[in-house]
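Protein chains get the first letters and strands the later ones, always in sequence-line order, with residue 1 at the start of each. Keep in mind the model is a prediction, meaning the values are calculated, not measured.
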Amino acid sequence: MTKKKILSIIAVVILIAVLGYEQFLDNQKEDFIIEEGKKPKAATNQYFLPTSTTNQVVHHQHYSLSYSEKHEQAEWVAYELKASDLSRNNFKRPYFEIDNAVKTKAAHWRNYKNSGYDRGHLCPAGDRKFTKTAHDETFLTSNISPQKHAFNAGIWNRLEQKVRYWARKNDGVFVITGGVLENNLQTIGSENVAVPKKFYKVILDKTSSKIKMIAFLVPHKDSKLPLYKFVVSVNKIEALTGIDFFKELEDDLEERLESSSSYKNWSF
DNA sequence: CTGGTCAAC
DNA sequence: GTTGACCAG
């Protein structure tokens, strides 16, 4: 074997090792602080982000949230769901981590242990399966709320699957979701994580020429009723939460869309 | 899919 | 603290 051949083999081996190590580092990445120059997807959709009643908006690469320190959870989580985001990857569920981007300190997952409540994702892991990084990014405690298992695995799961159906059908929707955070809610854990009595989801479809909107308000208990029974106007969610959705829309259009509780433009 | 607990390392 | 097996809706 010539020296030249040996050197080229060594070069290839080194290249493979370097690439493998970079992949390893990416998989091992423990925090989700946004890297310089890597603008999060969600922030590019700033136009559709709701107002924050808590003045603490946090952007991650694949979703944004507004954290309520008082309730130790997000008042809303917002993200775009494209048809191309849906994948059949099956990543292993990692441990939940404290979201270091939340300045007031996000709650620890131990608050949920033996509480009788699920760590219910707000941005579902099932919506962020296009890469392991995107999937694992949903396992931050700023992205969960205490949910009864029957609710989470029941009607809420049905609603999340319906959103995926709409994302596939309409090729992209914008989703905002959270618990209705009120005063004097029951709490769990040493950090007093509030247990919402209702959860909401607001969905915007901007993919067709005709922009459309739909909102759901679901009591925190399982139900066998069809999902359309829980449709409400966006105005109703705003009145309950104090959050202003889509305020950048032209006023007349915003009022027309947000006052409607019709679901005739959405297929179930 | 949505999750949980437990034992073993 | 982590991992994998097993369970529930």
### Task
Would you mind telling me which of B:dT2, C:dT2, B:dC1 lies closest to the side-chain atoms of A:E160?
B:dT2
### Query
How long is the line joining CZ of A:F151 and C1' of C:dA8, in whole Å?
17 Å
#### Entry: B:dC1 phosphate, OP1 or OP2, under 4.0 Å from A:N152 side-chain N/O
no
### Sub-6.0 Å ring centroid separation between A:Y67 and A:H71
no
### Query
Base, sugar-phosphate, or nothing for A:K129, non-hydrogen atoms under 4.0 angstrom?
sugar-phosphate
### Under 4.0 Å protein heavy-atom contact, by nucleotide of nucleotides 4-9 of chain B - B base, S sugar-phosphate only
SS----
### Query
Rounded to the Å, how far apart are A:L227 CG and B:dT2 P?
16 Å
### Query
Could you state the NZ-P distance from A:K92 to C:dG4, rounded to the nearest angstrom?
5 Å
### Query
Hey, are the side chains of A:I144 and A:L122 touching, using non-hydrogen atoms and a 4.5 Å cut-off?
no
### Query
Do other residues, nucleotides or ligands put more than 12 heavy atoms under 6.0 Å from the NZ atom of A:K129?
yes
### Query
Are the aromatic ring centres of A:H121 and A:F96 under 6.0 angstrom apart?
yes
#### Entry: Length of the CG-C1' vector between A:D136 and C:dT2, whole Å
15 Å
#### Entry: Sugar-phosphate, base or nothing in reach of A:G126, heavy atoms under 4.0 Å
sugar-phosphate
Side-chain polar contacts of residues 238-246 of chain A - donor-acceptor pairs under 3.5 angstrom, sequence neighbours left out - could you list them?
{"unit_1": "A:E238", "atom_1": "OE2", "unit_2": "A:F245", "atom_2": "N", "d": "2.7"}
{"unit_1": "A:T241", "atom_1": "OG1", "unit_2": "A:I237", "atom_2": "O", "d": "2.7"}
{"unit_1": "A:T241", "atom_1": "OG1", "unit_2": "A:I243", "atom_2": "N", "d": "3.2"}

### Task
Write down the distance between CD (A:Q161) and P (C:dG9), rounded to a whole number of angstrom.
17 Å
### Message
Here's a test for you: under side-chain contact (heavy atoms from CB on, under 4.5 Å), which of A:T177, A:V57, A:V202, A:L181 qualifies with A:W76?
### Response
A:V57
## Note on the structure
Whole-Å distance, A:N157 CG to B:dG3 P, equals 8 Å
### Task
Specify the closest pair of heavy atoms between A:S208 and A:D205, including all atoms of both residues, with the distance to one decimal.
N-OD1, 4.0 Å
### Message
Over all strands shown, is A:D127 touching base, sugar-phosphate only, or nothing at heavy-atom distances under 4.0 angstrom?
### Response
nothing
### Query
Can you tell me how far P of C:dT3 sits from CZ of A:F91, to the nearest Å?
16 Å
### Task
Starting from C1' on B:dC1, measure out to CG on A:D85 and report it in whole angstrom.
17 Å
### Task
Taking only the side-chain heavy atoms of A:A153 (C-beta and beyond), determine which of C:dG1, C:dT2, B:dT2 contains the nearest atom.
B:dT2
